[in-house]
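The structure displayed is predicted, hence computed values, not measured ones.
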Amino acid sequence: MSAIARALENRDLFGGEGVLALLRTDNAPVTLGLLGTHLAGDVRTRTAADLYDLLSADLAELRFHGIDLPRTAQQYCATWVEQGYLTRRAARTERTEEFALTENSQSALRLIEQLHTPRDAVTRSRLTLLTERLRILARDTDADSAGRLEALHTERDRLDEAIAQVMELGAEPLPEAQALETIDELYSLALDVPSDFTRVRGELERLHRRLRLDLVEHEGSQGEILDQLFLGVDAIEDSEAGRSFAAFHDMVIDPVQEARFHDAVDALATRPFAHRFGRERIVYLQSYLARLQRESHQVRHAMIDLSRSLREFVRSRQFEEFRALADRLRRPQRIGLEIAPQVRPHTRIGVELTLSTFTPRSVGQLHLLVPSDVTAQDDLELASTEVLDLEAMRAAIRESEIDMAELVDAVDDVLSRRSTATVGEVLEEHPATQGLASIVGLLVLAHRHGERVEGPSDTVETVRWRLVGRRAGAEREAGVGRAEHNGGNGWRSARISRSRFTRPLGKDSHVGE
């Protein structure tokens, strides 16, 4: 590749939306420090509530150290999703959202980790590991039987020689420095594997979106993808990323491989160089397969959900609705391209279109706000007020509210002279000062605190009240009650179920409710 081509590629890389874009954002050191602590360790996904709580405490501590972080944890998480640090998905087990690091975030964290702990020198173990893997790959890819047999015989001879040497001289352990280099290389390799899950999940989601787009934009009656789906072929699991992950998933859950891995790690934990390697690293390797299995199951469930969603998208014929919508959107575009040579873009065609969102306007139509233009210049004057009239206020309240206190006093006054009293008997001694409102208030009190008269007769009584002033006009307009036969003198009457009061109501604290 020429220098010019490489320079142009680097320019696109620096200006793109990858790892370097994340490192250029505001507060990138703080962001990567917080997210790396809470989402790049043993826990790779957290619910929104859990992450908000952890970040809120961290933000308060950072502000105490003088770092300007004015927004809340929820606001920062929303910004990090937009910038590409986080992915936000619906949780499988809870009705909430969960956050996880993106592929670019994990790559940025690995880059920073390498800068924090640079390699001092070229290690022998890395070259040995590379040479051994290349030798095994060359042997396993050889299609010549003679060459394969020769390689196997050579390996057998080397093993026989090593066995004889151990039987004669005893086992000679690897030097501690070389062993420490080797396990450091293996640990670094182990750290890279969990981040691959994010990349695989991202590839599966991109494949899912591309398959949906192909179904919607396909011009024929039934494309190749549609045929495969109707025939039962899972396009996602049969993809390159799906097959690669399925093979890895089968290996992770293999009990034989799990037993071998744990035996090897437990044996290394007893070696003399284990204390120099670090207890935390040993513990990480001991729980490594469990972590891989947990994350592998999550990716597996995500793959199943995507496959199920794609099949449902086809079986429910939803793709046909999307294709019809896409066709309606493309048709005006095609017509616009056809008439573009003859019609100017700003030509009025006599059609008014009301948009459901805001109307785009030119920046030149904006005007600066001058506060002095809208500020009142007149002097403020104190408005005259009148003395509060309690009687007028009480009268205004009685026009809109039932005076329950007055009705309670009327009932108690009647019961002070007799053992029981019906609504009609109360009204005979205390007229309805609020018209129909007083009748309704007495009926409410009788329903709550009285008892209904039961029997073969006298279960209904007639109550009378007189319409006066504004209440008279209001009740006449509403058509309430009926005029007596001897004239329209303002009296009204109604037949109600007979109810009686048997005890005073003044001590009942719920009367006025």
| request: Please test L34 against L62 for side-chain contact (heavy atoms from CB on, under 4.5 Å), starting from the C-alpha separation and ending with a verdict. | output: CA-CA 10 Å; L34 296 176; L62 289 172; 4.2 Å; yes
Sub-4.5 Å side-chain heavy-atom contact between [X] and [Y]:
X: L59; Y: Y76; value: yes
X: T37; Y: D58; value: no
X: R71; Y: T79; value: yes
X: L101; Y: L109; value: yes
X: L55; Y: W80; value: yes
X: L39; Y: L86; value: yes
X: L22; Y: L32; value: no
X: L337; Y: Q333; value: no

Rounded to the nearest 0.5 Å, what separation is found between the [atom1] atom of [X] and the [atom2] atom of [Y]?
X: R330; Y: L325; atom1: CZ; atom2: CG; value: 9.5 Å
X: I439; Y: I402; atom1: CD1; atom2: CD1; value: 10.5 Å
X: S105; Y: L35; atom1: OG; atom2: CG; value: 6.5 Å
X: R492; Y: L436; atom1: CZ; atom2: CG; value: 11.0 Å
X: L20; Y: T25; atom1: CG; atom2: OG1; value: 11.5 Å
X: E150; Y: D144; atom1: CD; atom2: CG; value: 9.5 Å

Checking the side chain of [X] only, and the main-chain atoms of [Y] only, is there a donor and an acceptor separated by less than 3.5 Å?
X: T102; Y: G84; result: yes
X: R63; Y: L69; result: yes
X: T87; Y: A100; result: yes
X: R46; Y: H38; result: yes

Whether over 12 other heavy atoms sit under 6.0 Å from [X] [atom1]:
X: F261; atom1: CZ; value: yes
X: L329; atom1: CG; value: yes
X: R328; atom1: CZ; value: no
X: E155; atom1: CD; value: yes

| field | Pairs involving residues 277-287, ordered by first then second residue, that meet salt bridge (charged side-chain N to carboxylate O under 4.0 Å, His left out) (sequence neighbours left out) | value |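 Found D184-R281.
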| side-chain contact (heavy atoms from CB on, under 4.5 Å) between L23 and L111: does it pass, once the steps are laid out? | CA-CA 10 Å; L23 297 176; L111 177 60; 3.9 Å; yes
| task | For residues G441 and M404, report the shortest heavy-atom separation together with the two atoms involved. | result |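 In this case the closest contact between G441 and M404 is O-CE, 4.0 Å.
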| query | Which heavy atom in Q434 sits nearest to a heavy atom in E401, and how many Å separate them? | reply |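 Closest heavy-atom pair between Q434 and E401: NE2-O, 2.9 Å.
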| T45-R89 side chain donor-acceptor pair, cut-off 3.5 Å |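 No pair is found: no donor N or O on one side chain lies under 3.5 Å from an acceptor on the other.
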| message | Using side-chain contact (heavy atoms from CB on, under 4.5 Å), reason through F99 and Y85 one step at a time and then give a plain yes or no. | response | CA-CA 10 Å; F99 289 99; Y85 283 103; over 6 Å; no
